[in-house]
Amino acid sequence: MQQDPDVIARPPEALIGDLNPQQAEAVQYHGPALLIGAGAGSGKTRVLTRRIAWILTQFGAWPSQILAITFTNKAAAEMRERLSSLIGPVAERMWVSTFHSACVRILRRDGDRIGLKSGFTIYDTADCERLVKLIASDFNFDVKRYTPRQILARISDYKNNLTGAKELLAQYAPDFRPGTRGYHIGRIGNVEELYAVVYAEYEHRLALANAVDFDDLIVRTVELLRTQPDVAAYYHHKFRYILVDEYQDTNHAQYVLIRELAGVDAGEHPSPDARGAGRVGPAWITVVGDSDQSIYAFRGADISNIQDFEKDFPNARTIMLEQNYRSTQTILDAANAVIAHNEGRKPKKLWTSAGKGVPITGYAADTAQLEAHWIAHEIKRLHEEEGVRYSDIAVMYRANAQSRSLEEGLIQAHVPYQLIGGTKFYERREVKDALAYLQAIVNPADAINMRRILNVPKRGLGARAESIVTMYADEHGLTFWEGVEQADRIEGMTTRTLNPLKRFADLMTGLRAFAAEHDGQPSQVVARVLRESGLLDELSKSTDPQDQSRVENLSQLQSVAAEYEQNTPDATLVGFLETTALVADFDQLPDESEDSGKVTLMTLHTAKGLEYPVVFLTGMEQGTFPHSRAMEDASELSEERRLAYVGITRAKRHLYITRAAVRAQWGRSSEMMPSQFLDEIPEGLIDWKRKEAGVERMRAGWGRGSDDDWNATLDEFGDWDDDSMGTTYGGSSYGSSSHGSSSYGSASYGSSSYGSSSRSGSSYGSQAPRFGSAARERTSSSSSSGNGGAHFTYGTSASPSRSPRFGSSSASSRSGKVTTRKAAPKPHAKPASSLDRDNRLDINDFHVGDKVSHDSFGLGTVLETQDKGRNSIITVDFGSDGVKRLMLRVAPIEKL
DNA sequence: CCGCAAATATTTTTT
DNA sequence: ATATTTGCGG
């Protein structure tokens, strides 16, 4: 077979010479199915890129025959880049992409075969939520009890498992016809029927709007491949080698997609004399993954995909990579020790030939602010005294909300930083508004976006006008836009409404014409939309200081469009919208090679796949990490632990772990006890700069009760009395049961009331540095540093190096509010803390097997009762909502 | 129909 | 604490 002249020829030795035996074997493996079990830092990406090069040069494949799938855009960009340096610029033209963008590409080409017209819209989570809310109000069900989020989560589950709305309808609501009004959901409490009906209606409206949600990208592609044999055949013969990264994070739909794309079940047989996968028969599949790094189960990821790989793909070979090239032995020991606490996992130990290195540094701060303060100054010290580059340092946390205090600390210490993720640029209101115009221009059937902009900016078309048009459109089987166009035919229409409607229709028609003429210049279209819609006008006239930054965000949007235009040879408006929908964090990480000069802040999830010489793992507290919502459930706790494993293994040389004894969460500060994960790290590995927070030391020496008693208290209920310095403990029986001399008992983490207590204006508050006007000034200086970068461009990935999400937008929106403080306390009495409350239920009235009803979990069965007097615990199985341990005294339950 | 003030929920993690 | 939703008066 002829070799693609664009592929830089590499002698085999150059591809495997510097690899260890397992890596080399994985690169060269000649066979239809290969699973690479790649531990953290084992050179996974290197093996993957080398294997692709190997396939090209040794198996004689063409670049176009390869499909490499990653999970995130970042990973795709990195792989593309590394491929590029290995085999040359031809890599830019290869299919190296995420599941989602690969699917978009396929659907853009052949989606019309399954009813997706070109220019279909991709709804993001917010769009989907709006849609469900609309459905909720049409069907009149209780949004309080069944939140759109819950419903969407359920719909997402259905989709991830390729369960169609039709089969659910047949089972639960055979009489319902999507698109009809007046259906009454049967008996209240028949949740399945409600889900089925909403799901079906949701699908129906998506179809009417010529729109898809994120999950649909996968699902509809599977549908396309399954129902259109010729399309399937095209891809079977096109992609002869499929490589999937982070295979442990694939869900069922993605698994099926891979199978369909590869034609595993198509029944073709390879020609026996082919050098590699040949031209017919199933494509050769390589998957790479590590079940210990599966952290997306909440999104439907199914570990059994990787566990069952050898069963699923005949003649599969598994190669394990366990030598770690990233971290010191100390860091690996910590990671191994933590992950070993997960049950039912295949034992696996990472090892390294690098030495022990420095110990892990630990620090226990009094408050989140002081934690940030210490981190910032430690970073400064590392930079100034040890010459560590800022860009070699990353600060990681469990949830985005934690970034706030860390940012403040870094700003205060004048440490430059960049924030990855968080509130996304494209999710900002003004940006979404502008994009909604573009979306509505491209796809007039898109009712969600059309309705969104109907009265943005204000043009006198409120809820009333919207519902008149909707009703008219529904009655006549028209789209919302067609309803607008025919506004003058609507009965009961007043001139007061008709005139602005007509103007709106004209506006959109004009914009559409303009867009059609300038399809290749999205930036022109953006400019026109901003100007003619009045979006820009409204904001620049406003006196609200926030609107100033909104204007800047809009102008950034225009620059992004311009940049896209320049970097994309066949730029179109639709293409631009696609990038905005799929490339969530546009401020990509800079190249490894280039020194951004900034510390990186990100969530642990975002950090997966990355590495830094110095890593700060922050917020190591029960309730923060592991997250309070994941502590009750064993499988979710395991996932948290894998997340900890991921975090620890990001560090190459020096790992820091920090925690705060008091953390403000939703306005109130709560006392946090140390994360159980800290206990899982062998003590000898950690060098504590400060082992206990001030509060904790005070308590230890308080005289009344030993440390164990305190911890035992915390243990069981994760809760503190409001007057914690006092002596009363809710009156009764707190036997001085000295459980567990290790600081936490094993079985008793979490209770439903975790974190509900608070400690008002305590003395710790005054210890915290105030971020007042000083912080505000510095915010602006940091914003200029954040924006001052040059315009690098790498690859065709069209990522502006300028990061839209900080700079003026986020910084200034935040400043000016820092110092505001309510003059008077709330007039309402504070709700009693959970320890004060008492719903007067008696544990003796509850027995195993009894039925109870919970305000939010619904009907449940009692599994266990524990009589502890005032602090009695009841364990209840709520079916699909799971098994919960509730403190009887505070639980909103009723015995049935 | 709009604007303002008050009430209310929100905090997992991402394509 | 903050963002979004609801209620009321103009």
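Worth saying up front: this structure is predicted, and the values here are computed from it rather than measured. Protein chains get the first letters and strands the later ones, always in sequence-line order, with residue 1 at the start of each.
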Legend entry - Listed partners of Thr72(A) passing side-chain hydrogen bond (donor to acceptor under 3.5 Å, both in side chains), at least two apart: none

Inset, instruction - Would you sketch DNA chain B in dot-bracket for me? Only Watson-Crick or G-U wobble pairs with both distances under 3.5 Å count, crossing pairs as [ ], other-strand pairs as |, the rest as dots. - result: ||||||||||.....

Legend entry - Pair His605(A) + Phe298(A): ring centers closer than 6.0 Å: yes

Legend entry - Nearest-Å distance for atom pair NZ/P, residues Lys133(A) and dA9(B): 13 Å

Inset, instruction - Return the set of residues passing ring-ring contact (aromatic ring centres under 6.0 Å, His included) with Phe120(A) (not counting sequence neighbours), or none when no residue passes. - result: none

Legend entry - Separation of dT15(B) C1' from Asn251(A) CG (nearest whole Å): 10 Å

Inset, instruction - Would you classify Phe99(A) as touching base, sugar-phosphate or nothing, given that sugar-phosphate means primed atoms plus P, OP1 and OP2, and contacts are heavy atoms under 4.0 Å? - result: nothing

Inset, instruction - Determine whether the side chains of Asp633(A) and Ser635(A) contain a donor N or O and an acceptor N or O closer than 3.5 Å. - result: yes

Legend entry - Atom-to-atom span, CD of Glu408(A) to C1' of dT2(C) - whole angstrom: 13 Å

Legend entry - Residue Arg404(A), side-chain atoms from C-beta onward, closest of dG3(B), dT2(C), dT15(B): dT2(C)

Inset, instruction - Have a look at Ala465(A) and say if it touches a base, only the backbone sugar-phosphate, or nothing, with a 4.0 Å heavy-atom cut-off. - result: sugar-phosphate

Legend entry - C1' spacing across the pair dT5(C) / dT12(B), given as an integer number of angstrom: 23 Å

Inset, instruction - Specify the separation, in whole Å, of atom CG of Leu257(A) and atom P of dT15(B). - result: 18 Å

Legend entry - Results of ring-ring contact (aromatic ring centres under 6.0 Å, His included) for Phe677(A) - residues two or more places apart only: Phe625(A)

Legend entry - Separation of atom CG in Leu134(A) from atom C1' in dT5(C), rounded to whole Å: 15 Å

Inset, instruction - Examine the side chains of Thr603(A) and Asn400(A) and answer whether a donor and an acceptor come within less than 3.5 Å of each other. - result: no

Inset, instruction - Measure the acute angle between the ring planes of Phe214(A) and His100(A), then classify it against the limits of 30° and 60° as parallel, tilted or perpendicular. - result: perpendicular

N/O-N/O pairs, protein side and nucleotides 11-13 of chain B side, under 3.5 Å:
{"from": "dT11(B)", "atom 1": "OP2", "to": "Arg149(A)", "atom 2": "NH1", "distance (Å)": "3.3"}
{"from": "dT12(B)", "atom 1": "OP1", "to": "Arg629(A)", "atom 2": "NH1", "distance (Å)": "2.0"}
{"from": "dT12(B)", "atom 1": "O2", "to": "Arg398(A)", "atom 2": "NH1", "distance (Å)": "2.6"}
{"from": "dT12(B)", "atom 1": "O2", "to": "Arg398(A)", "atom 2": "NH2", "distance (Å)": "2.2"}
{"from": "dT13(B)", "atom 1": "OP1", "to": "Asn400(A)", "atom 2": "N", "distance (Å)": "2.7"}
{"from": "dT13(B)", "atom 1": "OP1", "to": "Asn400(A)", "atom 2": "ND2", "distance (Å)": "3.3"}
{"from": "dT13(B)", "atom 1": "O2", "to": "Arg398(A)", "atom 2": "NH2", "distance (Å)": "2.5"}
{"from": "dT13(B)", "atom 1": "O2", "to": "His605(A)", "atom 2": "NE2", "distance (Å)": "3.4"}

Inset, instruction - Could I get the full list of ring-ring contact (aromatic ring centres under 6.0 Å, His included) partners for Phe99(A), not counting sequence neighbours? - result: none

Legend entry - Leu217(A) CG - dT15(B) P separation (whole Å): 13 Å

Legend entry - Donor + acceptor pair across side chains of Glu246(A), Gln248(A) (<3.5 Å): yes

Inset, instruction - Look at all strands and tell whether Asn455(A) reaches a base, only sugar-phosphate, or nothing, counting heavy atoms closer than 4.0 Å. - result: sugar-phosphate

Inset, instruction - With P as the reference atom in both, quote the distance from dT13(B) to dT4(C) in angstrom, rounded to an integer. - result: 16 Å

Inset, instruction - Before accepting this row, confirm whether a basic side-chain N of the pair Arg663(A)/Glu621(A) lies closer than 4.0 Å to the acidic partner's carboxylate O. - result: yes

Legend entry - For atom CZ of Phe214(A) and atom P of dT15(B), their distance in whole Å: 8 Å

Inset, instruction - Have a look at Lys608(A) and say if it touches a base, only the backbone sugar-phosphate, or nothing, with a 4.0 Å heavy-atom cut-off. - result: nothing

Legend entry - Residue closer to the 5' end of DNA chain B, Ser101(A) versus Arg459(A) (nearest nucleotide): Arg459(A)

Inset, instruction - Figure out the CG/P separation between Asp215(A) and dT14(B), and round it to whole Å. - result: 16 Å

